[in-house]
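Following: one structure in structure tokens, then a few remarks.
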2 protein chains.
Amino acid sequence: MDDLLVTEGRALKHVQVREYVRTLVTGAAPGSPAPSERELVHRFGVARMTVRQAMDALVVEGLLERIPGRGTFVARPRRTASRLTSYSEEMARRGLLPESQTLLARREQAGPGVARALNVSEGDAVIHWRRLRRADAQPMCIEDAYLNEVLIPGFLQSGMPTSLYDALEARGLRPTWAEDSINADVASEDEAELLELTPGASVLRHSRRGSAGEKVVEVSRTVYRADRFTMWLQVGAES
Amino acid sequence: MDDLLVTEGRALKHVQVREYVRTLVTGAAPGSPAPSERELVHRFGVARMTVRQAMDALVVEGLLERIPGRGTFVARPRRTASRLTSYSEEMARRGLLPESQTLLARREQAGPGVARALNVSEGDAVIHWRRLRRADAQPMCIEDAYLNEVLIPGFLQSGMPTSLYDALEARGLRPTWAEDSINADVASEDEAELLELTPGASVLRHSRRGSAGEKVVEVSRTVYRADRFTMWLQVGAES
DNA sequence: GAGTGGTCTAGACCACGAT
DNA sequence: TCGTGGTCTAGACCACTCT
């Protein structure tokens with residue numbers, strides 16, 4: 001939120017110092033020295049506590065590392081839990097070309113399960129979006145996404161986007177938090193036909209409840225061809 | 001109030017204030033007010049910047065939340081990515097009784113795949129621990145864990161623990177970071193026999209590379225009965 | 001108007017690392 | 001010895017909330 005003030009001419013001093021140091025430091029190799037606190041005091045004509053406030057923020061961010069008696073240095077990037085990735089991003093990471101074919105996109109009344117997951121009342125309007133997704137032209141998965149229409153009015157009318165997560169991000173609603181469940185199963189007849197499998201072939205089922213802040217924005221169920229898809233994830237955080 | 005501080009002979013002032021506030025605040029309901037900064041200034045006879053340093057630390061920890069013009073309050077606990085949980089913890093969470101039967105526990109020479117994953121050289125000594133794991137007396141999964149023997153000397157001789165993660169934790173090596181891969185498959189004949197399945201039944205395969213700090217401490221492959229196991233996980237972090 | 005947190009100053013002394 | 005970050009002081013003004 002402080003960042004918003006940078007565009008204004010009257011940015012807070014500690015923000016000015018922080019952003020100045022950030023530009024110096026982004027892209028620099030881990031271990032490179034940052035300016036010393038006293039150097040920044042002279043450069044900006046501010047008190048040392050102000051400089052420390054600026055540097056503190058960057059240290060908390062994980063961008064800088066202080067070493068008493070030596071100085072302040074660019075920190076080695078910390079490993080943290082994965083950002084939630086969209087299907088497009090996932091496939092791009094694997095070097096595959098993602099494609100999507102909308103099978104269904106309409107308003108529905110929320111059933112009991114979807115209503116509970118989306119934190120809405122049964123019968124409330126939700127958007128149901130079903131897509132067959134391919135990678136390098138081969139069927140990969142079928143995804144049923146349910147969205148809370150109250151949060152994204154006019155979504156269906158605005159033309160369906162390529163990437164759901166990009167569309168949500170444009171509205172400030174990209175999920176940053178998700179509860180997932182994953183299990184192994186076999187394909188139903190309908191699924192097998194769409195995925196070009198024989199019924200009974202192995203599939204991976206993935207359910208997600210994705211939230212942005214306090215709001216549940218997405219509930220989805222995806223069924224993947226097990227022979228083409230292995231889920232990768234990183235969990236935990238470096239101490 | 002001084003009573004709390006007696007344990008520390010020469011604690012730093014901001015640490016004294018921080019720990020005093022922490023004791024007041026732990027267990028308090030989210031939204032409860034913390035002492036105001038000026039109140040702490042008077043109580044401890046310190047400068048306000050010192051109090052702010054103390055409170056800043058608790059805010060960064062996620063314990064407190066500042067609301068300008070109103071005060072400082074106990075924060076609602078933040079959602080963060082799951083701690084890495086052991087099998088025992090996972091089953092306990094589901095209300096099931098975990099059991100483990102060691103099928104194999106010995107030193108081996110690392111093969112190419114395990115060596116690469118564990119960051120050791122091919123042929124280095126590794127510990128291979130294979131267990132059949134049950135939940136409420138029913139077969140649940142087979143786990144093959146590989147451990148870097150250099151990090152845990154005497155592990156095999158010390159008697160096998162019930163929980164690998166507890167044993168690693170006792171050595172300061174509990175993984176806090178993992179790279180996982182998950183896919184769906186069918187049981188092999190050997191797996192089917194141990195898991196009391198028919199060959200070809202659905203299973204969930206889970207591979208993990210778990211690290212503590214910079215060290216890779218655990219590489220494991222686990223095969224779960226799909227009819228009894230659904231993986232749950234939480235990803236991302238609240239913004 | 002009183003109280004709160006947010007920002008900021010202009011100094012100070014300390015422990016520690018490098019030279 | 002000199003420079004570094006770590007700690008600390010005793011004030012100040014601001015914007016904001018609550019009553």
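In what follows, every heavy atom counts, from backbone to side chain, and hydrogens, waters and symmetry copies are set aside. Each chain gets a letter, A, B and so on, in the order the sequences are listed, and its residues count up from 1. Please read these numbers as outputs of a predicted model, since none were measured by experiment.
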Atom-to-atom span, CD of Gln53(A) to P of dG6(C) - whole angstrom: 9 Å

Please state how far atom CG in Leu64(B) lies from atom C1' in dG5(C), giving the value in whole angstrom units. 13 Å

Quickly work out the Leu58(B) CG to dG5(C) C1' distance and round it to whole Å. 15 Å

Give a yes/no answer on whether the side chain of Thr50(B) brings an N or O atom under 4.0 Å of OP1 or OP2 in dT7(D). no

Run through Glu108(A), Gln109(A), Arg106(A) and flag the one making a side-chain hydrogen bond (donor to acceptor under 3.5 Å, both in side chains) with His128(A). Glu108(A)

Salt bridge check, Glu90(A) against Arg133(A): does any charged N sit closer than 4.0 Å to a carboxylate O? no

On DNA chain D, does the nearest nucleotide to Arg38(B) precede the nearest nucleotide to Gly45(B) from the 5' side, or the other way round? Give the residue. Gly45(B)

If you check the Lys13(B) side chain, which of dG6(D), dC8(D), dT9(C) turns out closest? dC8(D)

Please report, rounded to the nearest Å, how far the C1' atom of dC8(D) is from the CG atom of Leu40(B). 16 Å

Would you kindly give the CG-to-P distance between Leu12(B) and dG5(D), to the nearest whole Å? 19 Å

Could you work out which one of dT9(C), dA12(D), dG6(D) sits closest to the side chain of Met49(B)? dT9(C)

The side chain of Arg70(A) lies closest to which of these nucleotides: dG17(C), dG6(D), dT9(D)? dG17(C)

Would you mind reading off the distance between His42(A) atom NE2 and dT4(D) atom C1', rounded to a whole angstrom? 14 Å

Nearest of dG5(D), dC8(D), dG5(C) to any side-chain atom of Arg52(A)? dG5(D)

Reckon Ser36(B) has a side-chain N or O less than 4.0 Å from the OP1 or OP2 of dT4(C)? yes

Listed pairs under 3.5 Å, donor-acceptor, residues 116-126 of chain A side chains, sequence neighbours left out:
from: Asp124(A); atom 1: OD2; to: Ser121(A); atom 2: N; distance (Å): 3.1

If you only use heavy atoms from C-beta on, which nucleotide in dG5(D), dT9(D), dT7(C) is closest to the side chain of Arg48(B)? dT7(C)

For Leu64(A) and Val21(A): C-alpha separation, side-chain torsions, deciding distance, then whether side-chain contact (heavy atoms from CB on, under 4.5 Å) applies. CA-CA 10 Å; Leu64(A) 294 182; Val21(A) 174; 4.1 Å; yes

Glu37(A) has an atom CD; how far is it from atom P of dT7(D), in whole Å? 11 Å

Relative to the ring of Tyr224(A), is the ring of Phe229(A) parallel (under 30°), tilted (30 to 60°) or perpendicular (over 60°)? parallel

Quick one: Ile67(B) CD1 to dG3(C) C1', roughly how many Å, whole number? 15 Å

